[in-house]
Chemist: 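This is the structure I have questions about; it appears just below.
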Number of protein chains: 2
Amino acid sequence: MTIATKRQYESLTEERAILYAKGLNFFSEDAELSCSEIGDGNLNYVFHIKESNGDKSLILKQALPYAKVVGESWPLTLKRAIIEANALKKQFEFAADLVPVVYATDEELAITVMEDLSHLKIAREGLIQLEPYPKLSKDIGEYLAQTLFHTSDFALHPFEKKRLVSEFSNPELCKITEELIFTDPFFDHETNDFEPSLRAEVEAIWNNEILKLEVAKLKRSFMTEAEALLHGDLHTGSIFASETETKVIDPEFAFYGPIGFDIGIFLANLIVQSITREAEARNTIVQHIEQTWEVFSSNFSILWKSKGIETYKNTKGFEEYVLEKVFHDTLGFAGCELIRRTIGLAHVKDLDAIADEEQRLDFKKQALQVGEALILKRYDLHSIQAVISLLEENHK
Amino acid sequence: MTIATKRQYESLTEERAILYAKGLNFFSEDAELSCSEIGDGNLNYVFHIKESNGDKSLILKQALPYAKVVGESWPLTLKRAIIEANALKKQFEFAADLVPVVYATDEELAITVMEDLSHLKIAREGLIQLEPYPKLSKDIGEYLAQTLFHTSDFALHPFEKKRLVSEFSNPELCKITEELIFTDPFFDHETNDFEPSLRAEVEAIWNNEILKLEVAKLKRSFMTEAEALLHGDLHTGSIFASETETKVIDPEFAFYGPIGFDIGIFLANLIVQSITREAEARNTIVQHIEQTWEVFSSNFSILWKSKGIETYKNTKGFEEYVLEKVFHDTLGFAGCELIRRTIGLAHVKDLDAIADEEQRLDFKKQALQVGEALILKRYDLHSIQAVISLLEENHK
């Protein structure tokens with residue numbers, strides 16, 4: 001007779017994280033380990049554990065059963081830890097160089113043990129410091145093409161695709177996006193957070209029925225179109241980067257959604273940078289914007305031809321139709337991200353940390369204008385170059 | 001200590017069906033029961049069980065672990081029985097008068113015990129015999145509005161909607177539709193079945209890249225757009241009807257898909273009737289076509305206003321956008337159904353049973369022409385009256 005003791009969730013301390021790491025057969029038995037919690041503590045603990053006299057290290061990430069935002073605390077499913085770990089493993093199949101290696105998962109304790117990437121910097125921080133990141137857009141374009149194509153109906157047997165749709169059902173985190181990106185910023189909602197000087201612009205958005213109709217369509221697309229396994233939150237704070245490496249982390253919002261969503265969120269965060277920069281530093285970002293789409297679309301196209309299983313894949317115009325749809329969706333989603341990062345609940349340091357009030361407000365107004373234009377003109381823009389022209393016009 | 005005996009699936013005989021029915025607490029203990037298997041035996045057993053000296057009766061439907069089509073037999077998931085029973089129960093919540101009552105379900109034996117509707121006739125049979133069915137389109141329009149609206153994001157909490165998407169994941173039966181409606185008829189595929197005299201028309205379809213592009217888009221929509229819980233196979237053979245009653249049965253293809261699919265399949269089967277009829281009998285069908293859409297859309301609109309939970313529901317143009325999308329999708333799906341019922345694997349008696357070869361071939365050519373026109377012109381047709389004009393022109 002065996003006594004099964006059901007383990008219960010409890011959050012770790014640094015000491016307990018070390019004990020946990022020792023049980024993983026990762027470090028040698030006599031290794032002396034040190035641990036520091038390096039997360040922001042809002043959603044997860046992130047324990048950085050390393051040998052005191054050796055090279056080995058790892059990250060032990062534990063989801064917390066609540067989210068803290070602007071002082072409030074609300075419960076949030078622990079299931080997101082296993083969604084994140086499974087998404088990382090799925091993405092690793094297709095973009096092994098561009099995501100951290102997952103060493104172990106623990107569903108009860110909501111723990112993911114993974115590769116230590118602390119030699120890299122969060123891309124948002126680096127971009128704010130004007131680091132050029134020469135590989136960033138090529139790597140992200142490749143990551144997007146590989147992960148999105150390979151998890152779509154164009155590459156997967158329909159049974160496997162539908163199995164993954166259920167596996168990655170992620171209602172609680174999707175609801176956060178549905179509200180904070182697609183709804184609240186467009187209504188006078190208590191979650192919104194904007195500078196008083198922007199009130200005229202914000203009220204113009206709340207009263208813009210034409211804009212809201214387009215956002216409603218984008219929200220509907222987000223809620224119904226199970227095209228591919230998305231990262232779900234691919235802003236520049238979810239990317240580690242250096243001169244030579246790019247790693248996409250934190251896919252806890254992963255679910256089956258419209259392909260353009262991941263691309264749009266990433267591009268929006270580059271567009272914020274393009275708004276705040278001048279001259280050569282700005283050119284670098286504009287090139288990243290262009291290259292992200294070019295690398296994504298050309299790689300998607302190569303995969304379509306080499307690995308596509310859809311019977312209609314050679315039907316004249318179908319590949320173009322799919323990529324055009326993704327492009328228009330991308331612009332619409334980018335527009336929503338620009339607006340919500342300026343007036344919604346979750347802001348970006350790229351804008352908020354600018355000390356000069358006049359300049360900061362000017363940039364925020366630009367972000368709102370570009371966001372609106374991308375949403376409203378998404379079907380009139382037929383190339384990434386046309387998008388860049390729109391950015392240039394706005395920047396004058 | 002209890003000994004759990006896991007029951008294993010086995011198909012029933014008429015005798016065993018009676019024993020099973022006696023265990024249901026439905027009939028009185030001393031009732032004498034008679035049983036006859038009334039299904040077509042291709043996919044399911046349908047046992048009709050009734051009291052010899054009483055009024056009570058029921059239907060005991062058991063899924064078979066294989067499908068027999070054109071002499072071939074292939075395995076088919078038994079899970080479809082519980083999908084069907086759960087879909088009936090979900091639809092009953094919103095359209096209680098229009099679906100059979102489910103008395104009991106048995107997942108292991110793939111059995112659904114339900115209301116006996118044998119006093120009604122399958123609508124396809126009745127329509128072929130020119131029965132007018134005055135309530136048919138009003139009831140089906142109502143059924144469509146109630147079941148599709150109430151299972152959509154416009155009515156459900158997002159957690160409940162996403163739970164239902166997973167519950168009704170139905171990959172095996174979806175694959176049948178993906179192949180037999182959206183793919184095989186448009187390629188020279190072995191499942192196709194058409195009269196040799198139609199070869200020129202069929203080859204024209206196979207070579208029509210513009211048509212195939214549009215069908216590819218419709219297939220993509222079917223595979224990705226989780227808008228509402230569909231019946232999934234709403235042809236006139238899935239409907240019991242009389243002068244005073246309408247009941248929708250057999251939702252074993254139920255899954256979350258695009259709203260227009262159910263409407264389109266039903267309309268296509270009415271359109272087949274409109275092709276084969278003349279004069280007053282034809283007018284009756286044309287009125288059913290018009291009324292199906294009018295009743296669906298007006299009821300959907302009433303539900304939108306009275307029960308809609310979407311924050312954007314009052315945004316100018318959003319309701320119209322949603323209904324227009326559904327309308328265009330409806331026409332495209334109807335077109336695919338018309339083509340596949342003429343040249344694909346599964347035909348309809350409405351056309352195939354016409355003895356006069358010249359007339360039969362003429363009707364089949366009309367079905368192909370209308371099907372193509374609906375697919376190609378779906379975005380140019382803006383009202384059900386415009387669709388009827390198209391039918392009139394084709395009928396001349």
Chemist: Quick check on A:Arg163 against chain B: is it the side chain, the backbone, both or neither that has a heavy atom closer than 4.5 Å?
Modeler: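 A:Arg163 has no heavy atom closer than 4.5 Å to chain B.
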Chemist: Is any side-chain heavy atom of B:Ser166 closer than 4.5 Å to a side-chain heavy atom of A:Ser166?
Modeler: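 Heavy-atom side-chain distance check passes, below 4.5 Å.
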Chemist: Got a sec: does the CD of A:Glu107 have more than 12 other heavy atoms crowding it under 6.0 Å?
Modeler: no
Chemist: If you tally heavy-atom pairs under 4.5 Å against chain A, which of B:Ala216, B:Ala226, B:Ser221 wins?
Modeler: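 The option with the most such pairs is B:Ala216.
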Chemist: Got a sec: does the NZ of A:Lys325 have more than 12 other heavy atoms crowding it under 6.0 Å?
Modeler: yes
Chemist: Please state whether the side chain, the backbone, both or neither of B:His157 comes within less than 4.5 Å of a heavy atom of chain A.
Modeler: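 When you check distances to chain A, only side chain atoms of B:His157 fall under 4.5 Å.
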Chemist: Would one find more than 12 heavy atoms of other residues, nucleotides or ligands at under 6.0 Å from atom NZ of A:Lys79?
Modeler: yes
Chemist: Is the terminal nitrogen or CZ of A:Lys219 (NZ for Lys, CZ for Arg) located under 6.0 angstrom from the six-membered ring centre of B:Tyr312 and within 45° of that ring's axis?
Modeler: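 No - A:Lys219 does not lie over the ring of B:Tyr312 by the 6.0 Å and 45° rule.
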Chemist: Can you tell me which of A:Ile210, A:Val215, A:Asn170, A:Thr315 forms the most heavy-atom pairs within a distance under 4.5 Å of chain B?
Modeler: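 The answer is A:Thr315.
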Chemist: Side chain, backbone, both or neither: which part of A:Glu310 has a heavy atom under 4.5 Å from chain B?
Modeler: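 Contact with chain B is through the side chain of A:Glu310 alone.
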Chemist: Under 4.5 Å heavy-atom distance to chain A, tell me which part of B:Phe154 shows up: side chain, backbone, both or neither.
Modeler: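 The answer is the side chain of B:Phe154.
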Chemist: What closest approach, in Å, do B:Phe318 and A:Lys217 show between heavy atoms, and which atom pair accounts for it?
Modeler: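 Answer, listing the atom of B:Phe318 first, then A:Lys217: CE1-N, 4.1 Å.
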Chemist: Which heavy atom of B:Met223 sits nearest a heavy atom of A:Lys161, and at what distance?
Modeler: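 Heavy-atom minimum between the residues: O-NZ, 3.3 Å.
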Chemist: Between B:Asn314 and chain A, with a heavy-atom cut-off of 4.5 Å, which part of the residue counts as in contact: side chain, backbone, both or neither?
Modeler: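 B:Asn314 touches chain A through backbone heavy atoms alone.
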Chemist: Over all heavy atoms of both residues, which pair between A:Lys316 and B:Leu213 is shortest? Give the atoms and the distance, please.
Modeler: O-CD2, 3.7 Å
Chemist: Please name the pair of heavy atoms, one in A:Asp153 and one in B:Thr224, separated by the smallest distance, quoted to 0.1 Å.
Modeler: OD2-CG2, 3.7 Å
Chemist: Do A:Lys162 and B:Glu178 sit within salt-bridge range, that is, some charged N less than 4.0 Å from a carboxylate O?
Modeler: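 Yes, this pair counts.
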Chemist: Does any heavy atom of chain B fall under 4.5 Å from the side chain of A:Ser169, the backbone, both, or neither of them?
Modeler: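 A:Ser169 touches chain B through side-chain heavy atoms alone.
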Chemist: Non-hydrogen atoms of chain A under 4.5 Å away: do they reach the side chain of B:Tyr256, the backbone, both or neither?
Modeler: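 Neither part.
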Chemist: Measuring heavy-atom distances to chain B, does A:Lys175 have an atom under 4.5 Å in its side chain, in its backbone, in both, or in neither?
Modeler: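 When you check distances to chain B, only side chain atoms of A:Lys175 fall under 4.5 Å.
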